[in-house]
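Following: one structure in C-alpha cells, then a few remarks.
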2 protein chains.
Amino acid sequence: MTHDIEQKALARYLEAHGLKQTRQREVILEAFLEAGGHLTGEDLYQLIREEYPKIGYTTVYRTLKLFVEAEIAEERRFDDGVARYEIEHKHHDHLVCLLCGKIFEFESSVIEQAQREVADGLGFVIHRHRHELYGHCEECRQKKDDPAPGD
Amino acid sequence: MTHDIEQKALARYLEAHGLKQTRQREVILEAFLEAGGHLTGEDLYQLIREEYPKIGYTTVYRTLKLFVEAEIAEERRFDDGVARYEIEHKHHDHLVCLLCGKIFEFESSVIEQAQREVADGLGFVIHRHRHELYGHCEECRQKKDDPAPGD
DNA sequence: TTCGGTGCAAAAGATTTGCATATGT
DNA sequence: ACATATGCAAATCTTTTGCACCGAA
C-alpha cells in the first residue's frame, strides 16, 4: 500500500465521526495522493473519471472538503481564485511560475521569525498565513531569454 | 479636490489610451478613493448606488479593472476567494483578523530580503508576491478573553 | 434496517459577455 | 459622425444544495 499513512488517517477520522468507508473515498484519496498536490476539484475529477467514470463532480468536491476536515489535505487559493488542494505536510510557502504554472515550495525560518515580530508589534496572534511569490522560473526564463526585471 | 493624484493618473491613462472620461468613472473613482480600500465589487456597487442609483453592476466591475490597468488600484484575493481592490500605494503585506475581518497593513524589509534569497536559490525571478497573516487582533482577543494559541 | 453517501440536476454567488443604446471627443 | 462606454440580461465558471436512490455498518 503506497499511501498508508493518509489512508489510515482517513479511516481513523471516518471511524471517529461515524462516517462510512466507501469505494469513492478510497479512489479519490488514492488519486489525490498519487497526483501529489496542488490540484483543483476539476483537475481531480478529470483524473478520476478515467478510471472511475461514473463518479460525480459533487462527490469529488465533498470528499476534498472531507480530507481537509480529516487534516489530510489543505485548501489554498492562488491568484486565480480557484481552490486547490494539496497534501498536508510540514508547513511551507509557495513560489508560482507565471509562465508555466509550476508550483515550488519553500520555507524560511527567517521569514517565520519576522512574521512573529510583526504580529507581536500589532498585538495580533497569528493562526495561519499565506505567502506566495509569483515570478518566472529558471526554465521559462531560459526558454524566453527573459532577464531579471531590473536588467 | 481631495484625490487629485489618482484623478490625474486616471485622466492621463484615459488620454493615452484613447478612452473616455465619463461621469461613471469619476463617480466610481471618487467613491473608491473615499472608501479607502479593500473593497469588493459588490461593496463598491452598493456604496455608489446610494448617490448614483442607475449605475450598473457591470460598470463598477469594468471600471475597477480599468483602475488596475491604470495602476491606481490593485486587485487582491484573501481567503474567501472574492476579489478586493485597494488603492495602489507603497508595497505592503496584510494581516487579516479572522474574527472581525479588519485588515491591517505591514511591511518588513527583513522579509523582502529573505524572499529574494529564496528566489535566487531556486533560479526564480520574483515579479510580485502575496503575503497574508491571518489571526486574531488585539481588540477581538480582549473581547473574547482569547489567549494566544499556545497558551 | 438504518443513516450516511452518491449522483444528478438545479441553485448560488461572483464575474464576464453580448448587444442595443447612449455618450464623449 | 464615430468609437467607446453603459446597462441590462444572459452566460460562465466554480462550488454548493436538494432530493431520490444506493450502499456500508
Side-chain angles (χ1 to χ4, degrees), chain A residues 7 10-32 38-70 73-85, chain B residues 7 10-32 38-70 73-85:
Chain A
Q7 284 168 348
L10 180 58
R12 230 180 296 120
Y13 181 85
L14 295 176
E15 169 91 56
H17 293 256
L19 306 175
K20 290 168 186 169
Q21 182 87 46
T22 67
R23 178 97 188 92
Q24 286 90 330
R25 285 172 178 170
E26 252 174 59
V27 170
I28 296 172
L29 180 57
E30 190 54 44
F32 174 62
H38 305 118
L39 298 159
T40 65
E42 174 69 25
D43 290 342
L44 193 52
Y45 173 66
Q46 293 302 340
L47 274 176
I48 289 164
R49 251 177 150 217
E50 291 170 19
E51 81 165 82
Y52 197 91
K54 59 193 168 72
I55 201 151
Y57 214 88
T58 317
T59 302
V60 175
Y61 272 95
R62 278 191 289 227
T63 304
L64 248 6
K65 297 250 170 221
L66 173 72
F67 293 169
V68 173
E69 286 304 307
E74 289 185 54
E75 185 181 315
R76 303 187 177 280
R77 283 169 202 272
F78 299 112
D79 271 4
D80 58 6
V82 182
R84 282 166 206 280
Y85 295 84
Chain B
Q7 282 168 347
L10 180 59
R12 232 180 294 122
Y13 181 85
L14 295 176
E15 169 91 57
H17 293 256
L19 305 176
K20 291 167 183 170
Q21 181 85 48
T22 66
R23 176 98 190 90
Q24 287 89 328
R25 285 172 177 169
E26 251 176 60
V27 169
I28 295 173
L29 180 57
E30 188 54 46
F32 173 63
H38 305 116
L39 296 159
T40 66
E42 174 69 27
D43 290 343
L44 194 52
Y45 173 66
Q46 292 304 338
L47 275 176
I48 289 164
R49 250 178 150 216
E50 291 168 18
E51 83 168 76
Y52 198 90
K54 61 193 164 72
I55 201 152
Y57 214 89
T58 317
T59 302
V60 175
Y61 272 95
R62 278 193 287 230
T63 304
L64 248 5
K65 299 250 172 223
L66 173 73
F67 293 170
V68 173
E69 286 305 306
E74 288 185 55
E75 185 181 316
R76 304 186 176 279
R77 283 167 203 273
F78 298 110
D79 271 4
D80 59 6
V82 182
R84 281 164 206 279
Y85 295 84

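These values consider heavy atoms only, across backbone and side chains, with no hydrogens, waters or symmetry-generated copies. Each chain gets a letter, A, B and so on, in the order the sequences are listed, and its residues count up from 1.
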Subject >> Short side-chain N/O contact to D/dT15 OP1/OP2 from A/Y61, under 4.0 Å >> reply: yes
**OP:** Respond yes when some side-chain nitrogen or oxygen of B/T58 is under 4.0 Å from OP1 or OP2 of D/dG7, and no when none is.
**Re:** no
Students often get this wrong, so: under 4.0 angstrom with heavy atoms, is [X] touching a base, only sugar-phosphate, or nothing?
{"X": "B/E42", "answer": "nothing"}
{"X": "B/G81", "answer": "nothing"}
{"X": "A/T22", "answer": "sugar-phosphate"}

Subject >> Whichever of B/G41 and B/R23 has its nearest DNA chain C nucleotide further upstream toward 5' >> reply: B/G41
Subject >> B/E51/B/R49 ion pair, N-O < 4.0 Å >> reply: no
How many whole angstroms separate atom [atom1] of [X] from atom [atom2] of [N]?
{"X": "A/H17", "N": "C/dC3", "atom1": "NE2", "atom2": "C1'", "answer": "17 Å"}
{"X": "A/E15", "N": "C/dC3", "atom1": "CD", "atom2": "P", "answer": "18 Å"}
{"X": "B/K65", "N": "D/dA5", "atom1": "NZ", "atom2": "P", "answer": "16 Å"}
{"X": "A/K54", "N": "C/dA9", "atom1": "NZ", "atom2": "P", "answer": "16 Å"}
{"X": "B/I55", "N": "D/dG7", "atom1": "CD1", "atom2": "P", "answer": "5 Å"}
{"X": "B/R77", "N": "C/dG13", "atom1": "CZ", "atom2": "P", "answer": "18 Å"}
{"X": "A/L66", "N": "D/dT16", "atom1": "CG", "atom2": "P", "answer": "13 Å"}
{"X": "A/L14", "N": "D/dA25", "atom1": "CG", "atom2": "P", "answer": "9 Å"}

Original post:
Is there a salt bridge (Lys or Arg N to Asp or Glu O under 4.0 Å) between B/R12 and B/E15 once you walk through the steps?
Top reply: CA-CA 5 Å; B/R12 232 180 294 122; B/E15 169 91 57; over 6 Å; no
Kindly point out which of [options] is positioned nearest to the side chain of [X]?
{"X": "B/Q21", "options": "C/dG4, C/dG24, C/dT17", "answer": "C/dG24"}
{"X": "B/Q24", "options": "C/dT16, C/dG24, D/dT6", "answer": "D/dT6"}
{"X": "A/K20", "options": "D/dG23, C/dT15, D/dA9", "answer": "D/dG23"}

Subject >> Residue of the set A/R84, A/R76, A/R77 for which salt bridge (charged side-chain N to carboxylate O under 4.0 Å, His left out) holds with A/D80 >> reply: A/R84
Original post:
Can you name the closest pair of heavy atoms from B/V60 and B/I28 and give their distance?
Top reply: CA-CD1, 3.9 Å
Subject >> Non-hydrogen atoms of B/E42 and B/Y61 that approach each other most closely >> reply: N-OH, 4.2 Å
**OP:** Spell out yes or no: do the side chain of B/R62 and the base of D/dG7 have one donor N/O and one acceptor N/O closer than 3.5 Å?
**Re:** yes
